[in-house]
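Encoded as C-alpha cells, the structure appears first; notes follow it.
Computed from a predicted model, the values in this text were never measured in an experiment. Numbers restart at 1 for each chain; the letters A, B, ... are given by sequence-line order, proteins then strands.
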Number of protein chains: 4
Amino acid sequence: MSQAPPRRGRPPSPETRARALAAAREILLRDGFGRLTIEAVAAASGAGKPTLYRHWANAQELAMEALIVEAPDPAAGRGDPRTELAAQLSRLIRAFATTRGRQITLALASADPDSEFTRAFRNRVILASREAGRALILRAIQNGAQAPDDIETLLDMIYGPLFFRLLAGHQPLEPGLAQSLTNLAFATLRP
Amino acid sequence: MSQAPPRRGRPPSPETRARALAAAREILLRDGFGRLTIEAVAAASGAGKPTLYRHWANAQELAMEALIVEAPDPAAGRGDPRTELAAQLSRLIRAFATTRGRQITLALASADPDSEFTRAFRNRVILASREAGRALILRAIQNGAQAPDDIETLLDMIYGPLFFRLLAGHQPLEPGLAQSLTNLAFATLRP
Amino acid sequence: MSQAPPRRGRPPSPETRARALAAAREILLRDGFGRLTIEAVAAASGAGKPTLYRHWANAQELAMEALIVEAPDPAAGRGDPRTELAAQLSRLIRAFATTRGRQITLALASADPDSEFTRAFRNRVILASREAGRALILRAIQNGAQAPDDIETLLDMIYGPLFFRLLAGHQPLEPGLAQSLTNLAFATLRP
Amino acid sequence: MSQAPPRRGRPPSPETRARALAAAREILLRDGFGRLTIEAVAAASGAGKPTLYRHWANAQELAMEALIVEAPDPAAGRGDPRTELAAQLSRLIRAFATTRGRQITLALASADPDSEFTRAFRNRVILASREAGRALILRAIQNGAQAPDDIETLLDMIYGPLFFRLLAGHQPLEPGLAQSLTNLAFATLRP
DNA sequence: TACTAACCGAGACGGTACGTCCTGTCTTTTC
DNA sequence: GAAAAGACAGGACGTACCGTCTCGGTTAGTA
C-alpha cells in the first residue's frame, strides 16, 4: 500500500484553488480573456500572486482550467448514429456560441502549444467530442455505411467548421449548422 | 466624380510604413507573435512609437498587416474544378504549415473581432480562398454535380479543418490533406 | 552705415505673433506655466508650430515674453524718496501677489540663465525696479542720508524678500510689506 | 503609547531608496535638474520605475529629497549674535554658490507649492536657517538692541537676497555678502 | 503683370519621458 | 512550512510634447 508521506507544514488549501478558479471565471465572463491577469485574479480571489503561480504557470493555464467547466457529455446513448451526431453537434454549438466559445478559441490559440497543460485542455475540451464523433462514424460503418478513405479528415471536416466560424466570423454559429454538418458528413458515407 | 481632397500638411512617408512592416515581419518570423510589440518594432525599424501608433491602433493590427504578404492567387484557371480545388488546398496547406500559419491564426484569434482592420484581414487572407472555393463548387454543379443542401456549410467543411488542425494540433498539416478534403467534399456532390 | 537689407518675400506677420502671445497669456492664467507648451499655443492660436519656433526658441522664451505685459512704471516722480519707494514696492507687491508673480518666478528659475532672452527678461521685469530703487536711495543720500557700506546688498535686501516669499511661501505677499521694507531699508540710512 | 502596526508583507527596502537617491544626486550634479527624470534614475540605480513611483510621486519630489543632504547646522553656539549670523550666512552662501543652490531654487520653484513634500522641503532646507536667524536676532534684542517693527520682514531681508541673486543673476553669491547682510541687518537694530 | 522668395497652416517624423499595468520573483509575517 | 501580503526588477503599454521636416497655399516685393 502507498504510505502516507510525511507532509510537513501547512497543506495547500483546496479552497484557495476553488476561489481562484471562480474569480477567473467571473473575470472571463465579465471582462474577457485579455483581462484575465494573475494580478486581477489575486485581487478578486483574495489569494496572493505567488500562491497562484504555485498552481498555474501563467494566466493562460489558469484560464484554460477555468474554462473547463464540465465536458458536456460528448456522446451518450447507443441510438441511431446520425441522430446522435446531430444532437452532439447541437450541444457543442450551443456551448460554443456563447462568449466562452471565443475565449476557448483564444486560450487555445495563445497558449504554448507544446505544454502539458495545453495538451490536456485540448484533449478534454476539444478532442473528446471528436473522439465521440469517431465512435459514431465507426458505428455507422458497422451498420453498413461506406467507410471513407480518411476518417481523420472527415472528423476534422465535422468539427473544424465550428472553430472556423468562430475565428473568421463570416457566419454565425447557428443551430441549423448541426444538421447541415451531419447531412453532409453522412453524404460521404453512402454505400 | 470623386474630387481629390486638399491633403494639407506633410504626407505620411510610405518608406516609414514599409520599414515598420519589414521589421514586424522579421520579428514575427524570428520571435513569434507574442514578441511583436510596438516597442520592438520601433526599435528595429528606426521609427518612433507615436509614428507606429499613427498607422496602426495596436500591435495586433500591425501584425495582421505584416502577415498579409500576398494573397497566394487563391484559384486560378478554368480547368477541372476537382483538380483545381485540390491544387488550391495544397497551396494553402503549404502556406499555413509554416510558422506564419500559426501566427495568422493567433492574430485572428486575439484581435478585436469587430474592428474594421480585422474584418479586412479576414476577408483578404481567409475568406478570399473560401470564395474561390465557392466558385469551383458552383462550376462543378454547373457541370452536373448534385448541389448540396447548404453550400456555406460545405465550404466551412473544406476550409475549417486547416484551422482546426492548427489550433488543436492533433494532426499535422500534411500535404495529403488537400486530396482527402477534395475527395470527401466531392463525395457530397455525387449526382 | 548699415544699409537696409533687401528683405524680399513675405514679411513675418505681426498678427500671428500677437495672437500667439495672447493665447500664451490665456494658457498661463488658466492652466499655469507647466501647461504652456508650444503645441498648446499652436492649437489655441491657430499658428503652426514651426511659426512659433521662428519667433521663440522654446516654450520658456514664449512664456517670458508673454509675461512682460507692461513694465509697471517702476518709479515715477521726484517726490520724497521714502514715500516713492514705499509706493513702488506697493505696486510691485500688487503685481506679484497674483498668479503671474509665481509664474514669473518659475519662468526665471527654469529658463536657461545665460540666454540673451532670459537676460533681457530679467532686466526688464526684475532689475528695472531695482535700478529705480537705486535711484531713490541715491537721492536719499544726496538729501543727507548716510550712505550704506554696500548699496548692492541693500538693494537686494529690498527686492529679494518678494521672491523669497513667493518661493518659500512662509508668508503671504501682503500690502503692509511695502512699508515694512521701506522702514527697515531707511533705518540703515540714518545719518 | 503608539502600538506597532501589523505591517504584513515584504517591507520596502531601504537600500533601494538609498540607491535611488544616490543616483538622483549624481544626475543632479552631472546633468542638472532638467535631466533628473524618473526614467534616468531607474536606469542609473537599477530600480524599476514603479518602485520609484511607490516612493515619490514625481521627479520633483525625488529631486527635493535628493537635495536634502544634511541641514548644515544652521546656527550653532551661543556666541555674539552678530558674529554668529555672519558665520551662518557665510556657510549658507558657500552651500548655495554651488550648482546645488540653483537646483534647490529650481526644485522649489517648479514643485507643487501646496504638496506636503514641498512644504517639508522648504521647512528643512530654507526656513530652518531663517528660524535660526530669528533666534539670533532675538538674542541681540535681549542684549539691548532695538527691536525692529517687523521681525518677519527683517528675516526675509536677510535671507531673501540669496535667492534673489540666484534667480536674477545680477550679482554673484560672493563671500563678502555675508558680512554686508549682517552689517545692514544690525544697522536696523541700533538702540 | 508675372516671378519668386519668404512666410504661413498643417501635420508627419524620430525622439524622450511620462505614469500605469502586469509579469514573475523575492521576502516577511501569519497561520 | 505553506499561505497572504506586498515590494522588487523589468518590460511594454499608449500618450504628451519636443524640435525638425516637408508639404501646398498665400502674400508681398521686385523685375
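Residues from residues 26-39 of chain B lying near DNA chain F, meaning a heavy-atom separation below 4.0 Å, are B:T37, B:I38, B:E39 in numerical order. Residues from residues 45-64 of chain D lying near DNA chain E, meaning a heavy-atom separation below 4.0 Å, are D:K49, D:P50, D:Y53 in numerical order.
Within the structure, salt bridge (charged side-chain N to carboxylate O under 4.0 Å, His left out) contacts touching residues 53-63 of chain A (residues at least two apart or in different chains) do not occur. Judged as a salt bridge (charged side-chain N to carboxylate O under 4.0 Å, His left out), the pairs with a partner in residues 30-42 of chain B (not counting sequence neighbours) are, in order, B:E26-B:R30, B:E39-B:K49.
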For residues 14-21 of chain A, which side-chain N or O atoms pair as donor and acceptor with protein atoms under 3.5 Å away, sequence neighbours left out?
residue : atom : partner : partner atom : Å
A:T16   : OG1  : A:S13   : OG           : 2.9
A:R17   : NH1  : A:H55   : ND1          : 3.4
A:R17   : NH2  : A:E65   : OE1          : 3.4
A:R17   : NH2  : A:E65   : OE2          : 2.3
A:R19   : NH1  : A:S45   : O            : 3.3

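One finds no side-chain N or O of D:S13 lying less than 4.0 angstrom from the OP1 or OP2 phosphate oxygen of E:dT27. A close approach under 4.0 Å does occur between a side-chain nitrogen or oxygen of A:T16 and OP1 or OP2 of F:dA4.
Closest to the D:R19 side chain, of the nucleotides F:dA9, F:dA4, E:dT27, is F:dA9.
A search for side-chain hydrogen bond (donor to acceptor under 3.5 Å, both in side chains) contacts involving D:T118 returns D:S115, not counting sequence neighbours. For the side-chain hydrogen bond (donor to acceptor under 3.5 Å, both in side chains) test, no residue two or more places apart in sequence or in another chain qualifies with D:S110. Listed by chain and residue number, nothing satisfies the side-chain hydrogen bond (donor to acceptor under 3.5 Å, both in side chains) test with D:R119 (two or more places apart in sequence, or in another chain). For C:A24, the side chain to side chain contact (heavy atoms under 4.5 Å, CB included) test picks out C:L36, C:V41, C:L62, C:A66, with sequence neighbours left out.
Nearer to the 5' terminus of DNA chain F, by closest-nucleotide assignment, is the contact made by B:A40 (compared with the other of B:A40 and C:A40).
Counting atom types as modelled, B:R10 pairs no side-chain N or O with a base atom of E:dC13 as donor and acceptor under 3.5 Å.
Between the C1' atom of E:dC31 and the CD atom of A:E15 lies a distance of 14 Å, rounded to the nearest Å.
B:L67 is not listed as a side-chain neighbour of B:V125, based on a closest heavy-atom distance of 4.5 Å or more.
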